Amino acid sequence: MTAELYNSLILATPELMLAVGAMALLMIGVFSGERANTTVTGLAIALLIGAGGWMLVFTGDGVGFGGAFVSDPFARFMKVLTLVGSVVTLIMSVGFAREQKFDKFEYPVLIVLATLGMMLMVSANDMLALYMGLELQSLALYVVAAINRDNLRSTEAGLKYFVLGALSSGMLLYGISLIYGYTGNTGFDAIAAALSGGERQLGVVFGLVFVLAGLAFKISAVPFHMWTPDVYEGAPTPVTAFFAAAPKMAAMALLVRVTVGAFEPVAADWQQIVVFIAIASMLLGAFAAIGQTNIKRLMAYSSIAHMGFALVGLAANSQAGVRGVAIYMLIYLAMTLGTFAFILAMRREEGNVERIDDLGGLASTNPVMATILTILMFSLAGIPPLAGFWGKWYVFLAAINAELYALAIIGVLASVVGAYYYLRIIKIMWFDQSVGGFQPMAGELRLVLGVSGAFVLFYAVIGGPVARMAEAAASTFF
């Protein structure tokens, strides 16, 4: 074994752990039958936590596999967020999956494989590595969306996601082929060097547009958001929570690495695209959610808007901007996981309910649940001093420092509009007539909701260390 290969394997040890572990879990599930469902889920959670611990303790900085794989502070920061999203959603799904009869051992195995794809995406330093990681993630997600085969909405969601995902992958591949044709390289560093060496060609810009379109689909940014509301509503709620959390972390990290890394010499071109996508996402997410009656569809449009806010930081093309993106994604992850823990707990004797009106008078039947969701809604709306306010503060400040004044103003106005539907949920819980309480929350959901609420409420106390970690991650590119 050559020294280069050995060093590459050391850098990619967490990914190798997930790959080998997923195969082992598959064998355990196959040979143990239905008895292994709970065991495989527990082992999958332990495997994800173990890979994250190994990465934080033993994995250093470096480039491996001929420059296709990179390990740096930014990759580790975003991988931790991805792993947290995967672990928490797996924990939250145990009770729901058992009740809805899709507690199959394949489910945690697919989550592990999707997470492996996401970690490869975050560390991708080559267009082909980017595509391989993205497709590994996507193929697992297509199946997970339709995992509840007895439910018509779930199978419809999986089919819609697959068809539109295949379209976005085709666009991404076409963009990669154009970039390779005009630069002669697929590695991010080599592309940056080729673009900085002379005048950029129009074909490169076309390729860049197609690549950004393919990546924008993965974060459900406008105008590539069409799948999001239908898939969020149709997929089983734990799967929706997973879609809203972990894949968004990986796709946003990849978007940052592609733009700020490979295409830094043509920043003036991609900044215009990112500004347009950010404005469109913020406005559509703010206005389209107003008329929603299903809380999962509302969270879909909320997710679209929040990806727009995160892109404001990327549009700044500065260290402060990338730091803002990293902080925003961390805060978004905490708020989203807490909100979906609450949605999973919206359960009565007849089963889970999803209508916003079902929250009527919740404060009188379960004041603790109502209080924590109120905190989360205020944070999603960006009300100070909660965590959501600080996320928007960092990205808007980066935009202002980059003289993107119009973008920052539109973002603030979109926040004001979006606050309406968050405040409407609060009003329904506290002031509407009670329509009956929910059944007691499962212990794991209570834990996730409580930790998320505490993080959002006391973020100002722990914000300093978080900002320093995000600063170290952002310094990777500058």
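Any value given below was found using the heavy atoms of this structure, including those in side chains, with hydrogens, waters and symmetry copies removed. Just so it is clear, the structure is predicted and the values come from calculations on it, not from any experiment.
Of all the heavy atoms in Ala341 and Met441, the pair that sits closest is O-CE, 4.1 Å. Of all heavy-atom pairs between Ala145 and Gly158, the closest is CB-CA, 3.8 Å. Residues Trp430 and Ala363 share a closest heavy-atom pair of CE3-CB, 3.3 Å. Closest heavy-atom contact between Thr89 and Gly85: OG1-O, 2.7 Å. For the residue pair Ala244 and Lys248, the shortest heavy atom distance occurs at O-CG, 3.6 Å. When all heavy atoms of Ala221 and Leu311 are compared, the closest pair comes out as CB-CD1, 4.3 Å.
Remark: Tyr420 OH is loosely packed, at most 12 non-hydrogen atoms of other residues, nucleotides or ligands lying under 6.0 Å away. Atom CH2 of Trp393 sits in a sparse spot, with 12 or fewer heavy atoms from other residues, nucleotides or ligands closer than 6.0 Å. Atom CZ of Phe287 has 12 or fewer heavy atoms from other residues, nucleotides or ligands within 6.0 Å. Residue Met469 qualifies as enclosed at atom CE: its count of foreign heavy atoms under 6.0 Å is above 12. Other residues, nucleotides and ligands contribute over 12 non-hydrogen atoms within 6.0 Å of the CZ atom of Phe477.
Residues Tyr107 and Ser93 meet the side-chain proximity criterion, which asks for heavy atoms closer than 4.5 Å. No side-chain heavy atom of Leu445 sits less than 4.5 Å from a side-chain heavy atom of Leu449. At least one side-chain heavy atom of Leu172 sits less than 4.5 Å from a side-chain heavy atom of Leu130. At least one side-chain heavy atom of Val260 sits less than 4.5 Å from a side-chain heavy atom of Leu314. Between Val466 and Ile331, every side-chain heavy-atom pair lies at or beyond the 4.5 Å cut-off. No side-chain heavy atom of Val209 sits under 4.5 Å from any side-chain heavy atom of Trp270. Side-chain contact between Thr336 and Ser303 is absent, with no heavy atoms from C-beta onward closer than 4.5 Å. For the pair Gln271/Thr259, no side-chain contact is recorded, criterion being any heavy-atom separation below 4.5 Å from C-beta on.
Of the possible polar contacts, none joining the Lys392 side chain to the Gly411 backbone as a donor-acceptor pair under 3.5 Å is found. The backbone N or O of Leu120 lies less than 3.5 Å from no partner atom in the side chain of Ser123, so there is not a single donor-acceptor pair. Panel note: side chain Thr339, backbone Met335; a donor-acceptor pair is recorded below 3.5 Å. In this structure, the side chain of Ser379 does not engage the main chain of Leu376 through any donor-acceptor pair within 3.5 Å. A donor-acceptor pair under 3.5 Å is absent between the side-chain atoms of Arg355 and the main chain of Thr293, judged by distance alone. Of the possible polar contacts, one joining the Ser281 side chain to the Val222 backbone as a donor-acceptor pair under 3.5 Å is found. Under a 3.5 Å cut-off, the side chain of Trp390 and the backbone N or O of Ile327 do not form any donor-acceptor pair. In this structure a side-chain-to-backbone donor-acceptor pair under 3.5 Å is missing from Ser220 to His225.
The salt bridge (Lys or Arg N to Asp or Glu O under 4.0 Å) search around Arg347 returns Glu99, not counting sequence neighbours. Applying the side-chain contact (heavy atoms from CB on, under 4.5 Å) criterion to Gln292, with sequence neighbours excluded, gives Arg297, Leu298, Tyr301.
The pair Glu471-Arg323 counts as a salt bridge, with a side-chain nitrogen and a carboxylate oxygen less than 4.0 angstrom apart.
When each of Lys218, Met329, Met282 is tested with Met307 by the rule side chain to side chain contact (heavy atoms under 4.5 Å, CB included), just one qualifies, namely Met329.
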Full working for side chain to side chain donor-acceptor pair (under 3.5 Å) between Ser302 and Tyr421: CA-CA 9 Å; Ser302 170; Tyr421 54 82; 4.8 Å; no
Audit row: Arg257, Val70, side-chain contact (heavy atoms from CB on, under 4.5 Å) steps and yes/no: CA-CA 11 Å; Arg257 195 175 290 282; Val70 62; 3.5 Å; yes
Verdict with reasoning, Phe309 to Tyr332, per ring-ring contact (aromatic ring centres under 6.0 Å, His included): CA-CA 10 Å; Phe309 291 125; Tyr332 166 79; over 10 Å; no
Residues Leu141, Phe242; criterion side-chain contact (heavy atoms from CB on, under 4.5 Å); working and verdict: CA-CA 9 Å; Leu141 294 185; Phe242 181 63; 3.3 Å; yes
Pair Leu113-Leu139, side-chain contact (heavy atoms from CB on, under 4.5 Å): steps then yes or no: CA-CA 9 Å; Leu113 288 173; Leu139 291 172; over 6 Å; no
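Going from atom CG of Leu208 over to atom CZ of Phe263 covers 5.0 Å, rounded to the nearest 0.5 Å. Distance check: Ile219 CD1 to Thr228 OG1 gives 10.0 Å after rounding to the nearest 0.5 Å. Of the inter-residue distances, the one linking Leu337 atom CG with Phe455 atom CZ reads 10.5 Å to the nearest 0.5 angstrom. Atom CE in Met369 sits 11.0 Å away from atom OG1 in Thr374 (nearest 0.5 Å). With rounding to the nearest 0.5 angstrom, the CG atom of Leu255 is 6.0 Å from the CG atom of Leu212. Here the straight-line distance linking atom CD1 of Ile400 with atom CG of Leu407 works out to 10.0 Å at 0.5 Å rounding.
Ring planes of Phe243 and Tyr161: tilted class, angle from 30 to 60°. Ring pair Tyr328/His306 is tilted by interplanar angle, where 30° to 60° counts as tilted.
Aromatic ring centroids of Phe210 and Phe206 lie 6.0 Å or more apart.
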